[in-house]
Amino acid sequence: MTNKLQWYLDPKKYEHTTRKGKVKIVDSYSQWILTYGAKHDLTEEIEKEDSRDFNYVTVINKLGGDKENRPPKIRFKPFNFANSNQKTIKTRGDKPSSKFVGRLPVRTRSFQNKADDELIKQTYDCGGLSEKAKAKRVIIGIIDDAINIGHERFRTKDGNSRVDFAWIQDANKMEKPTVAFGCEWTNDEINQLIAQYPDDDHALMSALDLVGPANEPYRPSPLLLDTSHGTHVADLAAGYNSGDDRSENRRLITVQLPVFASQDTSGTSLMASIIAGIKFIYDRALLISKSCKTPIPVVINFSYGLNGGPRNGFHILERSLRAFALRYRNETATYIKKKKSKPVKKGAPFVPVFPVGNAHLTRTHARSFGQADFDIKTIELNVRLQPEDRTSSFLEIWFPKITSDIKLQIIEPDGSRKIIKFDTSLSSNQSMILAEYSTTDISKPNPERVVARVSLDVPSKVLAGLRTKDSPYWRVLLAFAPTRPSDLTYRAAPSGVWGVTASGLNMSQCSHIEAWLQRDESVSGLGLRGRQAYFDDDDYEDDRFDHQGDIAVADNPSTPSVITRNGTSSGISTNIKPNRSEPYESLNIVTIGGYRWDNRAAAVYSAAGYKEYNSPAFMSVSDTSRTLSGVLGAGTKTGYSVVQNGTSVAVPQVVRRLADILQKTKPKDYLGFDAVKVLSNSSEEPDRPTDTEVELANSPFIRKERVWKGLLPVHKDLADKVERHSERKSR
């Protein structure tokens, strides 16, 4: 009887008590990881972020493997400039004031006090640059993993680094007071190490604590390989040959995410690291603007994505970016002056660029059919968990807010089934766990042998838009334990097909039930951990290939499947509708897809939205041809190039293009800067299929669900890379 699985009411309260004794509802991902998932995923602890910045909960993961090879504990703490012994901007007053941008509380800091001028000059000095030279500067922020900040491509013609600030979030060196954890490097410090190790890339990376020295235990890092994602992306965004005069005006601020955040592709432990990284870029960009006494625009390259989320433009990360964009404009506005007149309130743009994701053919999205009745709607899902999956798998099911009496039927791979009913009249979250019987009391679950957890999140402000009191959605989250736990003493989730049937009452005729499986795949250089779960459906399988055996990249309307290729765009790139009345900063969150250079066809993996507002705005080159995937870029070490593909390599090309545009934009034109509009001026309209034509894998036809505006040509700086790759040549 001990191996029998049974559903129980979750004995853990769906809340988190802070140190001050207040109870805070936490996200159900965090709840899984903090309780039963901790047994499998080796999660260590939780800590609440400073309420004056962001009200979110940070989950800290530890790597698997031997204890001595795991990274040290990392605590996310608020940035504290006031108590820093480094020469950085101080927070004025005993307690920072705060204001709200939308619903996101953000900290306000004044940069108008002249007493800080000398302190800032000692921290960052623009030197003897003329006003004209300062006006040409653009800051490029890179948030990624494995960035070789000492690489030759990120230096000026005199050999100095163009990386003004770098934050290594999982560095082992002693924490500096200027960052909450990890280690920060300034431009002067990087230059000193470059001079010390001029011809030894590995020694330089070791000195920067990017990789461990030979006498220390092995630390997993893609920087130990020839190819590293962050270095490749940074090169496409801001890499220049030595001696190029333009390189001086492209300054970099980099954030290297912790290994555990990159390893956990579900995004559970990613958001806190990313938001902290965005705040770091924001703070340091303001410092540079203050030093130069002119507003300097910022373009952020972020080449990550995730599958889950409300997909209404109001994910916590999307809201944070809009808040930072508005704050940056406001904080830099007072630097614009007109002759014989008062200062003009026009600040510099803060433009994030995101990938649409590579989930187009991963079978991770499903949608219920549009039944005609108003009483009940149902979606039947077959979720295939793959064997040897060392990480948890997550299934999100979203219902419209008007839904009542939400019900789930779950069929385990062995045929056992259970119906779970949720009471939607309650105002609290509800959850159950699937576990073995306790060896001492068969009426209670064994906390060491939990297989899965299902929870219902009530519509709340956590998932709400800026103009709604409550979320327009209910969310059901089904969390599965790994099918191959790192510690075999814990219960594995059975691999195979799990049947999940979800239904709800009182749904309108035009509404649907949506389901997404979170990303769960291995990252290059970090070892085998996750294996992607996917939906199984015979109707989809019949249409995976066309009559010639080519891969199908569009749904077949004649034989509809519950699995759909539309709606596969990243859950953090679902910006608001273009016709909606929002601050102009909202238009500056740009989403990018990928296309093939040889025939202008969409890359088969480039994800699709439903309509224009959640489709990628533009596509950039991510593959050279059908047989030559990827784009040529810098390898980990100086002197050679490598090829990587995916929508993440399409993003930095757009970042480079935006930097060119912003360099030519006068400060008086910063207000109202619309990144989508200015990019449209250089885009090309894709070939659209007619009603009788079908988008094929090797066809130039691209539906609007896959790109909204148009295709961006290869940047002139990168044209030789694409051409050399097409000729199968390399440096």
Side-chain angles (χ1 to χ4, degrees), residues 142-145 227 229-230 232-237 262 265 267 270 274 299-307 309 311 317-318 352-362 364-365 516 519 521 523-524 532 551 553 565-575 589-597 600-609 614-626 628-633 643-658 675-676 679 683 686 695 697 702-715 718 722:
I142 307 291
I143 301 177
D144 215 301
D145 73 319
T227 303
H229 189 267
H232 188 274
V233 163
D235 177 48
L236 294 177
S262 298
T265 54
L270 191 65
I274 295 171
V299 188
I300 296 180
N301 187 110
F302 180 74
S303 292
Y304 278 73
L306 56 91
N307 289 354
R311 295 175 182 272
L317 181 57
E318 293 171 306
V353 187
F354 275 36
V356 70
N358 305 325
H360 190 57
L361 302 177
T362 57
T364 53
H365 175 226
W516 282 275
R519 280 187 68 194
E521 55 203 353
V523 177
S524 176
Q532 182 66 57
I551 191 166
V553 293
R565 297 166 180 84
N566 292 343
T568 51
S569 55
S570 171
I572 52 178
S573 62
T574 58
N575 202 15
I589 302 179
V590 185
T591 306
I592 303 298
Y595 75 93
R596 277 172 44 187
W597 175 73
R600 293 163 50 92
V604 294
Y605 48 76
S606 184
N614 61 9
S615 300
F618 302 95
M619 279 185 168
S620 186
V621 171
S622 60
D623 287 317
T624 303
S625 68
R626 184 172 185 135
L628 294 174
S629 64
V631 176
L632 203 63
V643 174
Q644 294 197 44
N645 73 336
T647 55
S648 60
V649 304
V651 169
Q653 300 173 60
V654 181
V655 169
R656 183 182 284 264
R657 188 177 297 275
L658 280 170
V676 173
L679 288 171
S683 68
E695 182 185 0
I702 304 178
R703 295 170 289 117
K704 277 198 171 183
E705 289 84 356
R706 303 195 76 187
V707 63
W708 162 35
K709 285 289 186 179
L711 309 182
L712 293 170
V714 177
H715 192 283
L718 307 175
V722 176

For this session: Kindly say whether Tyr595 contributes a backbone atom to a donor-acceptor pair with the side chain of Arg600 at under 3.5 angstrom?
Result: no
Problem set entry | For Ser570, side chain to side chain donor-acceptor pair (under 3.5 Å) partners two or more places apart | none
For this session: Might you point out which heavy atoms bring Asp623 and Ala603 nearest each other, and give the distance in Å?
Result: OD2-CB, 3.8 Å
For this session: With rounding to the nearest 0.5 Å, note down the distance linking CG in Asn301 to CD1 in Ile592.
Result: 10.5 Å
Problem set entry | Main-chain N/O of Gly567 paired with Trp516 side-chain donor or acceptor, under 3.5 Å | yes
For this session: List the atom of Pro686, the atom of Val707, and the distance in Å for their closest heavy-atom pair.
Result: CG-CG1, 3.9 Å
For this session: Please examine the side chains of Tyr304 and Ile143, heavy atoms only from C-beta on, and report whether any two atoms are closer than 4.5 Å.
Result: no
For this session: Over all heavy atoms of both residues, which pair between Ala237 and Val655 is shortest? Give the atoms and the distance, please.
Result: CB-CG1, 4.1 Å
Exercise. Could you state the interatomic distance from CZ (Phe302) to CD1 (Ile142), rounded to the nearest 0.5 Å?
Worked result: 12.0 Å
Problem set entry | Close side-chain approach of Ser569 to Arg311, heavy-atom, < 4.5 Å | yes
Exercise. Quick check: does any side chain N or O of His232 sit under 3.5 Å from a backbone N or O of Gly633, one acting as donor and the other as acceptor?
Worked result: yes
Problem set entry | Expected output: side-chain Thr624 to main-chain Gly630 donor-acceptor under 3.5 Å | yes
Exercise. Sub-3.5 Å donor-acceptor pair from the side chain of Arg565 to the main-chain atoms of Ala608, do we have one?
Worked result: no
For this session: Measure the CG-CZ distance between Leu711 and Arg596 for me, rounded to the nearest 0.5 Å.
Result: 13.0 Å
For this session: Flag the pair Leu712 / Ser683 as yes when at least one side-chain heavy-atom distance between them is below 4.5 Å, and no otherwise.
Result: yes
Problem set entry | Under 3.5 Å: donor-acceptor pair, side chain of His360, backbone of Val553 | yes
For this session: Would you name the heavy atoms of Val590 and Phe618 that are closest together and state the gap between them?
Result: CG1-CD1, 4.3 Å
For this session: Starting at CG of Leu306, measure out to CG of Leu317 and round the result to the nearest 0.5 Å.
Result: 8.0 Å
Exercise answer: donor-acceptor pairs, residues 644-651 side-chain atoms, under 3.5 Å, sequence neighbours excluded:
{"residue": "Thr647", "atom": "OG1", "partner": "Gly357", "partner atom": "N", "Å": "3.3"}
{"residue": "Thr647", "atom": "OG1", "partner": "Asn358", "partner atom": "OD1", "Å": "2.9"}
{"residue": "Ser648", "atom": "OG", "partner": "His229", "partner atom": "NE2", "Å": "3.0"}

Exercise. Nearest heavy-atom pair of Val604 and Ala697: which atoms, and what distance?
Worked result: CG1-CB, 3.9 Å
For this session: Give the intermediate values and the outcome of side-chain contact (heavy atoms from CB on, under 4.5 Å) for residues Leu718 and Arg656.
Result: CA-CA 10 Å; Leu718 307 175; Arg656 183 182 284 264; 4.1 Å; yes
Problem set entry | Results of side chain to side chain donor-acceptor pair (under 3.5 Å) for Arg703 - residues two or more places apart only | Asn566, Glu695
Seminar exercise, completed: To the nearest 0.5 Å, atom CZ of Arg706 lies from atom CE of Met619 at 5.0 Å
Exercise. Considering all heavy atoms of both residues, which atom of Val233 and which atom of Pro652 are nearest to each other, and what is their separation?
Worked result: O-CB, 3.3 Å
Problem set entry | Test item: Val654 and Leu679 side chains (from C-beta on) under 4.5 Å apart, heavy atoms | yes
Problem set entry | Thr591 (side chain) donor-acceptor with Pro616 (main chain) under 3.5 angstrom | no
Problem set entry | With Ser622 via side chain to side chain donor-acceptor pair (under 3.5 Å) - residues at least two apart | Tyr605
Problem set entry | Counterpart residues, salt bridge (Lys or Arg N to Asp or Glu O under 4.0 Å), relative to Arg657 (two or more places apart) | none
Seminar exercise, completed: For Thr362, the side chain to side chain donor-acceptor pair (under 3.5 Å) test, sequence neighbours excluded, returns Thr364
